[in-house]
Amino acid sequence: MSINITLPDGSVKSYESPVKPLQVAQDISPRLADASILAEVDGVAVDLDHEIVQDCSLMLHTFKTEQGKEVYWHSTSHLMAQAVKQLFPSVKVTIGPAIEQGFYYDFDRDTPFTDEELAQIEERMVFLSKQNLVYQRKELSKAEAVEIFKNMGEDYKLEILAEIPDTDVISTYQQGDFIDLCRGPHLLDTGKIKAIKLLKTSGAYWRGDEKNKMLHRIYGISFPSKKELEEYLEFLRQAALRDHRKLGKDLDLFSINDEVGPGLVLWHPNGAMIRHLIESYWKEEHLKHGYKLVYTPHVGRASLWETSGHLGFYKENMYSAMDVEGQDYYIKPMNCPFHMAIYNSNLRSYRELPLRLGELGTVYRYERSGVLHGLMRVRGFTQDDAHIICTPEQLDSEVEKLIVFALDMLKHFGFKEFLIYLSTQPDASVGDPKDWEVATESLRRSLEKLGLAYDVDKGGGAFYGPKIDIKIKDAIGRAWQCTTIQFDFNEPTRFNMTYIGSDNVQHRPYMIHRAILGSVERFFATLLEYHGGNLPLWLAPVQLMILPITEAQLDYARKIEEQLQMRGFRCEVDTRNEKIGYKVRDAELKKIPYMCIVGKKEEENGTVTLREHTVGDLGSMSLEAALEKLGLKS
RNA sequence: GCUCAAGUAGCUCAGCAGGUAGAGCACCUCCUUGGUAAGGAGGAGGUCAUCGGUUCGAGUCCGAUCUUGAGCUCCA
């Protein structure tokens, strides 16, 4: 009898007796064996010492793959739990999964972990990793597992066990004196974990439910080499430099003021200029794409919000009512009811559809104080909102056009990587199941037709319709949701929206609620972080700073300024009585894309010397030549 | 909202066994008129988040409130 193992490249290795993935790796190359973390046998993740007894396909994962990292970090979280239990025996362990970047483990104890304790734990982890403790898998019955964790007094593990069917086989992993309930797989031994860093602590509710006890969470990360850890820590430092809150302060773009109120943004002149440029571009593009721009009020009567349903399903996000001559008015958390009202202001014909109503609409939502975050999460923000009202026949082409429009617009701002999600019907939802089917399929068809890769978020749609979300990938890998394309089966019915078809009969239109940038605030923040504050020329609030060498060139500098302004460039003259090096440094720190240096030589020759931000001197040239250079970049 | 941490000059931060508040940068004035990332001198600027308490005396200790940060939960 021989066992044939098919490798990912299609080649087959044969063995005469049962074999472990580690041995197969060893036979391919010792380096692979050393780097391997787990194996996938016929698509099932297993430990490297799992015995293969029959023909199968085999794939080995190293730290390079997602699964490899996940297992590596998961094993490290066990190591951390072991260290914590050794140092603080009275602490109870709960759960400790791998996350996107690293891992965490939640512990139950009275006080949070201090920085000193963190260092202590880290030290113990390093000590334990050097012991090369083997992660031993054991399979047992539920009753046996309950017995073990009961003796250990690990109540949380018992709670998890209680939810597992009695007949299931339970697995535990033990390294040294530490045993944990775990499905696995895991690393072979703790020695594989070479570089460890515990990053931060925080509170976390047991099972993520705020009614439960607050546990103490420790976040950490680990790598197979010190070098990789160093690189990661450097990456974190770079991320901090790109934080839009820091850039916003450094570049004087916006502020949030205590007295004005948390989550309410003040746009300073430079930030406002960038926003103006974004919005102008947005409006132009929407007009080109057949949208009609509208403006709507910031408040509306209670009855409007009753009709729309917001007072029913969105009330906890709305500010309390204000009294106007005995009537309740609410500040708007969304723009849609107003757009619906515009639609309903006339009897509509199918000839008018699709009707695309767009607005940069400022909305106010109550956000719990703990969730506010710079411009990413605020209480007053402007959505680049639009509602597309169309006939069922127009649905596909509208969705398709919309996706293309959204991606084109995001690309224009420099973004290159996108994550696309299709969210389907949740358990609790309104609308005809047939409509859900039609709408979801329309979304899916469009994505497929455009050849876009997407993930399905099953049951992740809004209660009123399925949606497509596009998230932008940051230069440092973080994803931020911008575009959302949502079907709405709720409001057309609630507002009794209709159109007269060619058959002279009233029909209910389809309605798509969409935002491409999402909110101007969040988009602005993402844009800033993505470019690290070095905005492309067309978005720079000041595109060019004119720097006279001495005060003698002030007049010449002003003349250059005038000519540049005439040509539509945003420029300023640094008139301060400072040396050129000082002014250059200042313009560099302000991340102004270009500098125009004018001294005696330039004035005599009627030229300018151009300098590009972060690049340096571009040499002397005529103003025309300089303009041409700038024109090409804009 | 919850847990923990923090709030000192416009910015970045120091200060403490409780004894009249400090630096650098930025700002203002003067000197310097200079060639691509900081020339020099001087000056002004703070009810140490707010309110209350302990104390002869509080930026420093205690409490409450507000705000910020890291998370949890929730979302554009």
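Naming: A, B, ... by sequence-line order, numbering from 1 per chain. What you see is a predicted model, and the numbers here were worked out from it, not measured in a lab.
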Spacing of A:E578 atom CD relative to B:U29 atom P, expressed in whole Å: 12 Å
Students often get this wrong, so: under 4.0 angstrom with heavy atoms, is A:E367 touching a base, only sugar-phosphate, or nothing? base
Report yes or no: is there a donor-acceptor pair, N or O only, under 3.5 Å between the side chain of A:Y205 and the base of B:G1? yes
For RNA chain B, which residues of residues 375-386 of chain A approach it to below 4.0 angstrom with any heavy atom? A:M376, A:R377, A:V378, A:F381
Tell me what A:G370 touches on the nucleic acid: a base, only sugar-phosphate, or nothing, going by heavy atoms under 4.0 Å. base
For the side chain of A:I597, counting heavy atoms from C-beta on, which of B:A38, B:A76, B:U36 is nearest? B:U36
Strictly by salt bridge (charged side-chain N to carboxylate O under 4.0 Å, His left out), give each pair with a member in residues 590-601 of chain A just once, sequence neighbours left out. A:D586-A:K590
Side-chain-base donor-acceptor pair under 3.5 Å for A:Q486 and B:A76: no
With a 3.5 Å cut-off and just heavy-atom distances, do the side chain of A:E316 and the base of B:G1 make a donor-acceptor pair? no
From B:U68, B:A70, B:G1, nucleotide with atom closest to A:P262 side chain: B:U68
Is there a side-chain contact between A:R207 and the phosphate of B:U73, meaning an N or O under 4.0 Å from OP1 or OP2? no
Under 4.0 Å between a side-chain N/O of A:Y314 and OP1 or OP2 of B:A76, yes or no? no
What is the nucleic acid contact for A:K579, judged by heavy atoms within less than 4.0 Å: base, sugar-phosphate only, or nothing? base
Under 4.0 Å, counting only non-hydrogen atoms across every strand here, what does A:T609 touch: a base, just sugar-phosphate, or nothing? base
Write down the partner of B:G35 under the Watson-Crick or G-U wobble criteria, each distance required to be under 3.5 Å. none
So which one's nearest nucleotide on RNA chain B is more toward 5', A:R217 or A:G374? A:G374
Name the closest nucleotide to the A:I549 side chain, picking from B:G35, B:A76, B:A70. B:G35
Measure from the side chain of A:R576, starting at C-beta and using heavy atoms only, and say which of B:U33, B:C27, B:U36 lies closest. B:C27
A:F338 ring center within less than 6.0 Å of A:W305 ring center: yes
Excluding sequence neighbours, so at least two apart, what forms salt bridge (Lys or Arg N to Asp or Glu O under 4.0 Å) with A:E588? A:R611
Using Watson-Crick or G-U wobble geometry with both distances under 3.5 Å, which nucleotide pairs with B:G10? B:C25
According to the Watson-Crick and G-U wobble definitions, with both distances under 3.5 Å, which nucleotide is paired to B:U73? none
Nearest nucleotide by nearest heavy atom, which residue falls closer to the 5' end of RNA chain B, A:N317 or A:K249? A:K249
Are OP1 or OP2 of B:A70 and a side-chain N or O of A:H373 less than 4.0 angstrom apart? yes
Using a cut-off of less than 4.0 Å, is there contact between a side-chain N or O of A:R245 and OP1 or OP2 of B:U68? no
Considering residues at least two apart in sequence or located in another chain, which fulfil the ring pair (Phe, Tyr, Trp, His ring centres under 6.0 Å) criterion with A:H268? none
Take the protein atom CZ of A:R585 and the nucleotide atom P of B:A37, then report the distance between them rounded to whole Å. 10 Å
Using the six-membered ring wherever Trp is involved, compare the ring planes of A:Y281 and A:F413 and label them parallel, tilted or perpendicular (cut-offs 30° and 60°). perpendicular
Choosing from B:U36, B:U73, B:A70, which nucleotide comes nearest the side chain of A:R368? B:U73
Using a 4.0 Å heavy-atom cut-off across all strands, classify A:G599 as base, sugar-phosphate, or nothing. base
Less than 3.5 Å apart, any donor N or O on the side chain of A:T362 or A:T382 sitting next to an acceptor on the other? yes
With salt bridge (charged side-chain N to carboxylate O under 4.0 Å, His left out) as the rule and sequence neighbours excluded, what pairs involving residues 460-471 of chain A come up? A:K467-A:D469
Side chain of A:V584: nearest nucleotide among B:G71, B:A37, B:A38? B:A37
According to the salt bridge (charged side-chain N to carboxylate O under 4.0 Å, His left out) rule, which pairs have a member within residues 422-431 of chain A, sequence neighbours left out? none
I'd like the C1' distance from B:G53 over to B:C75, given in whole Å. 41 Å
Within the 4.0 Å heavy-atom criterion, would you say A:D258 contacts the bases, only the backbone, or no part of the nucleic acid? sugar-phosphate
Would you say the rings of A:F103 and A:Y219 are close, in the sense that their centroids are separated by under 6.0 Å? no
